[in-house]
Amino acid sequence: MESCKSCIAFIIFLITIPFVVISQSIPTTLEGPFKPVTRSFDPSLRRGSDDLPMDDPRLKRNVTSMFPEQIALALSSPTSMWVSWVTGDSQIGHVTPLDPSTVASEVWYGKASGKYSMKKTGVSMVYSQLYPFEGLQNYTSGIIHHVKIDGLEPGTKYYYKCGDSALPAMSEEQAFESLPLPGPNTYPSRIAVIGDLGLTSNSTTTIDHLIENDPSMILMVGDLTYANQYLTTGGKGASCFSCSFPNAPIRETYQPRWDGWGRFMEPLISRVPMMVIEGNHEIEPQAAEITFKSYLTRFAVPSEESGSDTNFYYSFDAGGVHFIMLGAYVDYNSTGAQYGWLKKDLLNIDRSVTPWLVAAWHPPWYNSYSSHYQEFECMRQEMEALLYQYGVDIVLSGHVHAYERMNRVYNYTLDPCGPVYITVGDGGNIEKVDVDHADDPGKCPSAGDNVPEFGGVCHLNFSSGPAKGNFCWNTQPEWSAYRESSFGHGILEVVNSTYALWTWHRNQDIYKQDSHGDQIYIVRQPQLCSVPSKDSKFSPSPSPSQSVDGAAGFRVPMSALCAGALE
């Protein structure tokens with residue numbers, strides 16, 4: 001009887017808004033949960049590719065002296081932007097850190113090319129990666145600059161130069177377009193999502209493909225450079241690190257890869273803001289138990305702006321989307337600072353202004369691949385209920401080097417109010433694409449496998465459903481909607497306060513027009529899934545009237561909508 005009442009209420013709601021229209025060719029989450037689909041690795045492709053050498057043209061330094069390089073943008077607030085860059089020479093071996101005070105941090109900017117009516121100054125710093133062990137090389141960075149420019153008008157193109165005008169050592173002119181202000185009817189045009197990128201030939205294809213898709217913002221969900229793999233797997237300097245350096249308790253990371261990565265990414269992120277969150281390859285331990293030094297120094301994020309006191313977790317708005325970036329490699333327990341910050345951040349969201357709530361962190365909670373299976377189960381058990389309570393719509397992660405999209409799920413149970421979890425750890429890194437599934441015969445990891453670099457082990461056997469009593473399913477789990485072993489990237493296009501188009505692009509489809517690996521409209525149903533909010537008058541928008549490729553739409557059958565409402 002309750003189900004019938006819910007369906008009738010949903011039908012009454014529908015007749016109060018324009019007809020729901022969607023593309024004939026693109027499914028929606030209203031039609032889910034979907035029967036699990038697996039697309040196996042294409043044997044005609046290579047599972048991986050070699051790292052780019054340091055003398056590759058895309059990694060080489062092309063400026064001299066104190067001229068800026070590795071220029072990057074990041075959002076600070078809806079009306080402000082971080083501009084970051086590096087000057088001077090990094091050093092490896094016997095190092096003497098540069099003096100940051102020897103060069104200024106200036107950004108000159110304006111709304112007309114060549115006319116910079118505004119100027120801001122910022123901060124500069126250096127960092128070192130130190131190894132007091134025989135055979136390991138110390139490193140100290142160039143001077144890293146961060147300047148926040150503010151008072152930006154929404155949806156406006158700005159031209160800028162950065163550097164030190166007194167030397168003079170200013171960059172070439174760069175340009176970016178500011179994002180729309182928070183609001184239920186304004187969204188970034190395309191939000192790119194990349195994970196586990198690295199610096200291989202596959203990484204090059206990913207970025208080239210991404211540039212073709214013309215994003216207005218980038219989410220980088222951890223594992224950026226794989227600098228800690230270069231001297232072993234990548235640069236092939238030591239096939240066995242512990243064999244070559246038996247007296248070194250710390251694995252060396254080759255920090256010049258960070259400089260190469262900054263140059264590799266500059267053509268894109270000097271004009272499109274990139275928001276990062278740390279992964280396990282950013283831990284980079286060194287002497288005195290120091291970790292994450294590269295990540296914490298090189299990237300400006302809106303931590304202070306979002307009430308966080310650390311770059312390990314923060315939040316920001318981009319149009320009508322509120323993004324929450326969480327740290328899996330710092331304390332995530334319900335008694336800790338991150339959890340307290342998260343609860344406060346969720347409580348302050350006004351869903352009438354930012355209807356969409358998207359969360360991102362590096363290791364996935366829902367994952368049917370053998371690699372990293374149930375690795376961060378402890379984090380899920382600590383945080384999942386809070387995110388579900390506040391109606392998170394989409395969760396984006398990396399870590400597993402393949403693609404997987406889940407049906408809406410909560411606590412391993414299909415739930416129409418659960419988030420859509422998506423794994424995109426397929427950027428192209430040196431560790432190759434993952435091809436084994438935990439449900440494949442003989443591929444279920446043991447409970448002692450997949451121990452995280454941080455946090456405890458909370459592996460569990462399923463207590464209900466088809467996998468009851470087992471650690472692994474014996475078939476693709478019902479919460480896994482689509483999975484494919486391939487490199488690629490994702491694009492999220494939020495259409496309105498109710499509909500968002502998610503598209504996953506395979507690397508091998510870069511030269512095929514309008515080709516993609518997976519595509520779905522993610523549909524919010526706030527009328528069915530009540531969530532705490534500062535606003536109680538939310539009214540969802542009608543669906544898009546056309547598909548992305550312009551195909552004519554059709555009205556969704558009432559039975560399909562009702563079924564989606566009652567799952």
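These figures come from a predicted structure and were not determined experimentally.
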Undergrad: Report yes or no: is the cationic atom of Arg405 (NZ for Lys, CZ for Arg) closer than 6.0 Å to the six-membered ring centre of Trp504, at no more than 45° off its axis?
TA: no

Undergrad: Does Gly418 offer a backbone N or O that forms a donor-acceptor pair with the side chain of Tyr421 under 3.5 Å?
TA: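 No; judged by distance alone, with no hydrogens or angles, the pair does not exist.
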
Undergrad: Give me the one residue out of Trp341, Phe323, Trp361, Tyr329 that meets ring-ring contact (aromatic ring centres under 6.0 Å, His included) with Tyr313.
TA: Trp341

Undergrad: Once the angle between the rings of Phe292 and Tyr295 is folded into 0 to 90°, is it parallel (under 30°), tilted (30 to 60°) or perpendicular (over 60°)?
TA: perpendicular

Undergrad: Backbone N or O of Ser370 within a donor-acceptor pair of the Asn450 side chain at under 3.5 Å?
TA: yes

Undergrad: Any side-chain donor-acceptor pair under 3.5 Å between Thr413 and Asp415?
TA: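 No, no side-chain donor-acceptor contact under 3.5 Å.
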
Undergrad: Donor-acceptor pair, Ser178 side chain versus Gly155 backbone, under 3.5 Å?
TA: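 Checking the backbone N and O of Gly155 against the side chain of Ser178, a donor-acceptor pair under 3.5 Å is found.
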
Undergrad: Can you name the one residue among Trp473, Tyr369, Tyr373 that meets ring-ring contact (aromatic ring centres under 6.0 Å, His included) with His437?
TA: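 The residue from Trp473, Tyr369, Tyr373 that satisfies ring-ring contact (aromatic ring centres under 6.0 Å, His included) with His437 turns out to be Tyr369.
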
Undergrad: Under 3.5 Å, is there a donor on one side chain and an acceptor on the other for Ser446 and Asp449?
TA: yes

Undergrad: Under 6.0 Å between the ring centres of Tyr412 and Tyr366?
TA: yes

Undergrad: Donor-acceptor pair, Gln519 side chain versus Thr503 backbone, under 3.5 Å?
TA: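 Pair absent, no side-chain N/O of Gln519 close to backbone of Thr503.
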
Undergrad: Answer yes when Asp393 and Arg351 have at least one side-chain N-carboxylate O distance shorter than 4.0 Å, and no when they do not.
TA: yes

Undergrad: Would you check if the side chain of Gln476 reaches a backbone N or O of Val37 as a donor-acceptor pair within less than 3.5 Å?
TA: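 Such a contact is found between Gln476 side chain and Val37 backbone.
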
Undergrad: Consider only side-chain N and O atoms of Thr205 and Asn507, and report whether a donor and an acceptor are under 3.5 Å apart.
TA: no

Undergrad: Could you tell me whether the side chains of Arg506 and Ser486 share a donor-acceptor contact shorter than 3.5 Å?
TA: no

Undergrad: Does one side chain, of His401 or Asp426, offer a donor that lies under 3.5 Å from an acceptor on the other?
TA: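 No, Asp426 and His401 have no side-chain donor paired with an acceptor closer than 3.5 Å.
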
Undergrad: Keeping the roles fixed (side chain from Asp434, backbone from Ser371), state whether a donor-acceptor pair exists under 3.5 Å.
TA: no

Undergrad: Can you confirm whether or not the ring centre of Phe462 sits under 6.0 Å from the ring centre of Phe471?
TA: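 Aromatic pair excluded; centres sit 6.0 Å or further apart.
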
Undergrad: Is a side-chain N or O of Thr200 found less than 3.5 angstrom from the main chain of Gly428, in a donor-acceptor match?
TA: yes

Undergrad: Check this for me: does any side-chain nitrogen of one of Arg483 and Asp439 sit under 4.0 Å from a carboxylate oxygen of the other?
TA: yes

Undergrad: Would you sort out whether Ser44 and Asp42 count as a side-chain hydrogen bond (donor to acceptor under 3.5 Å, both in side chains), showing the intermediate values?
TA: CA-CA 5 Å; Ser44 69; Asp42 184 345; 2.8 Å; yes

Undergrad: When you look at Val301 and Phe312, which way does the side-chain contact (heavy atoms from CB on, under 4.5 Å) test go after all the steps?
TA: CA-CA 9 Å; Val301 301; Phe312 290 128; over 6 Å; no

Undergrad: Not counting sequence neighbours, list each pair that qualifies as a ring pair (Phe, Tyr, Trp, His ring centres under 6.0 Å) and has a residue in residues 205-226.
TA: His209-His489, His209-His505, Tyr226-His281

Undergrad: Between Asn280 and Asp223, is a side-chain contact (heavy atoms from CB on, under 4.5 Å) present by the stated rule, with each step listed?
TA: CA-CA 6 Å; Asn280 56 299; Asp223 284 3; 3.1 Å; yes

Undergrad: Charged N to carboxylate O below 4.0 Å: is that the case for Glu177 and Arg271?
TA: no

Undergrad: Just by modelled atom types, is the Val523 backbone N or O under 3.5 Å from a matching donor or acceptor in the Thr29 side chain?
TA: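 Present.
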
Undergrad: Where the side chain of Arg47 meets the backbone of Val433, is there a donor-acceptor pair that is under 3.5 Å apart?
TA: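 Side chain of Arg47 to backbone of Val433, a donor-acceptor pair under 3.5 Å: yes, one is there.
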
